[in-house]
Amino acid sequence: MEIIKKIHKKFDDFTLNRKFTCIICFVLAMSVLGTGAGLWITYHSGNELLYEATKESLDYSSSVIAERLSNIEDMTGMILADASIQNTLSSASDPEASDNDKNEAFRTLSYIIPDYYQNFRQNGIYYINLYNPNYTTYSNLARCRNLPAQVEEDLLERAHRHSGYPVWVTDYCSEYGLFLVRDVRRAKDFELDILGTILVNVDLDEVIQNASSRVFNSAPLSYVIYQEEREIYHSPVLNEESVDLLYQSLSCNYGTMRQGKNSYFYSRGRIPEFGWDYLCLRPNGFVMQARSLSMIVSVGVVVLTFAAGLYLSRKMFQVISRHFYCLLEKMECFGRDEAAIPPAE
């Protein structure tokens with residue numbers, strides 16, 4: 001209470017000009033506080049809306065990845081059901097078939113498999129191999145030359161263990177890419193003996209780039225994909241040393257984060273069709289710089305408005321108070337000497 005009384009007394013001692021200035025400053029300060037609070041609420045609510053919209057877009061990109069990989073699975077199903085492939089593989093694996101039949105089977109497979117590759121390559125297929133007991137048909141022989149024999153044998157063995165069902169192999173993603181292997185079994189009379197094995201190599205970088213271009217044209221997306229908490233893939237632009245810590249260090253399903261000098265918006269989710277968890281990152285620096293710049297400009301406009309309002313108010317009061325002070329001066333002069341009245345200005 002003593003402080004309030006001192007403030008009142010101090011205010012009462014002010015000149016009229018100072019009192020008016022204090023009132024104007026108080027009104028303008030309240031206006032600035034209200035405007036600042038409104039800007040802060042608008043900025044943060046805008047951030048939330050932006051985050052939610054970005055998360056939906058990133059989640060959509062993961063559905064595009066699942067769609068592309070599902071298309072590859074569907075392609076292998078088409079190969080299994082293709083009557084021409086069934087017949088040619090039967091001829092190729094039949095020990096009683098003539099050399100002409102085997103040569104014809106080889107020529108037929110040599111254009112059918114590249115044809116499937118051309119029709120489905122937009123899904124990120126790098127190459128397709130079709131194995132049978134006598135030889136292998138390649139869509140792109142040069143692309144699979146670096147695949148070690150032991151890895152090739154392991155992939156074929158995995159296909160044999162799953163009775164013709166598609167098998168996604170992620171163990172070699174970092175070195176040789178993602179693989180889909182599947183046995184081709186004889187459909188005639190439901191004999192179901194193995195005629196051959198399909199091996200499809202998928203370029204995940206291309207799959208993710210295609211998914212990214214479907215959602216964002218300017219900033220490419222980066223992905224880290226996990227299978228049972230084991231990292232099986234990460235985009236080349238990410239720092240390999242910190243990739244292992246990223247997924248565990250994030251407590252929310254979406255938000256912003258920093259990796260090194262770069263700022264990212266992230267979204268975590270799951271690709272249920274394949275049982276994979278993912279962390280999707282989108283560069284966020286440009287967006288945040290633009291929003292920060294707009295906030296700085298808004299604050300600058302408010303401060304300039306405050307200063308201009310204070311300046312104009314003081315000028316207006318000086319114009320009004322000049323006549324008032326002149327009247328007081330005349331009254332004081334009249335009180336001292338009724339004959340001494342200063343001339344009007």
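Partners of Asp203 by salt bridge (charged side-chain N to carboxylate O under 4.0 Å, His left out), not counting sequence neighbours: none found. Contacts of Arg158 classified as salt bridge (charged side-chain N to carboxylate O under 4.0 Å, His left out), with partners at least two apart in sequence or in another chain: Asp154, Asp171.
Going from atom CD of Glu152 over to atom CD of Glu157 covers 13.5 Å, rounded to the nearest 0.5 Å. Separation of atoms CG (Asn132) and CG (Leu195) is listed at 9.0 Å; rounding is to 0.5 Å.
Residues Glu73 and Trp168 meet the side-chain proximity criterion, which asks for heavy atoms closer than 4.5 Å. By the 4.5 Å heavy-atom criterion applied to side chains, Ser70 and Phe274 are counted as neighbours. For the pair Arg145 and Leu141, the minimum side-chain heavy-atom distance is below 4.5 Å. Between Asp82 and Tyr116, some side-chain heavy-atom pair lies under the 4.5 Å cut-off.
Arg230 and Thr170 are linked by a side-chain donor-acceptor pair at a separation below 3.5 angstrom, with hydrogens and angles left out of the test. Side-chain polar atoms of Asn129 and Tyr127 form no donor-acceptor pair below 3.5 angstrom. Side-chain atoms of His160 and Asp183 include a donor-acceptor pair closer than 3.5 Å.
Nearest approach of Leu221 to Ile208, heavy atoms of both residues: O-CG2, 4.2 Å. Pairing each heavy atom of Ser90 with each of Arg186, the nearest pair is OG-NH1, 3.2 Å.
When the options Tyr233, Trp276, Tyr264, Tyr278 are evaluated for a ring pair (Phe, Tyr, Trp, His ring centres under 6.0 Å) with Tyr223, the one that passes is Tyr278.
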Take Leu80 and Ile198 through the test side-chain contact (heavy atoms from CB on, under 4.5 Å) and record every step on the way to the result.
-> CA-CA 9 Å; Leu80 264 64; Ile198 306 166; 3.4 Å; yes
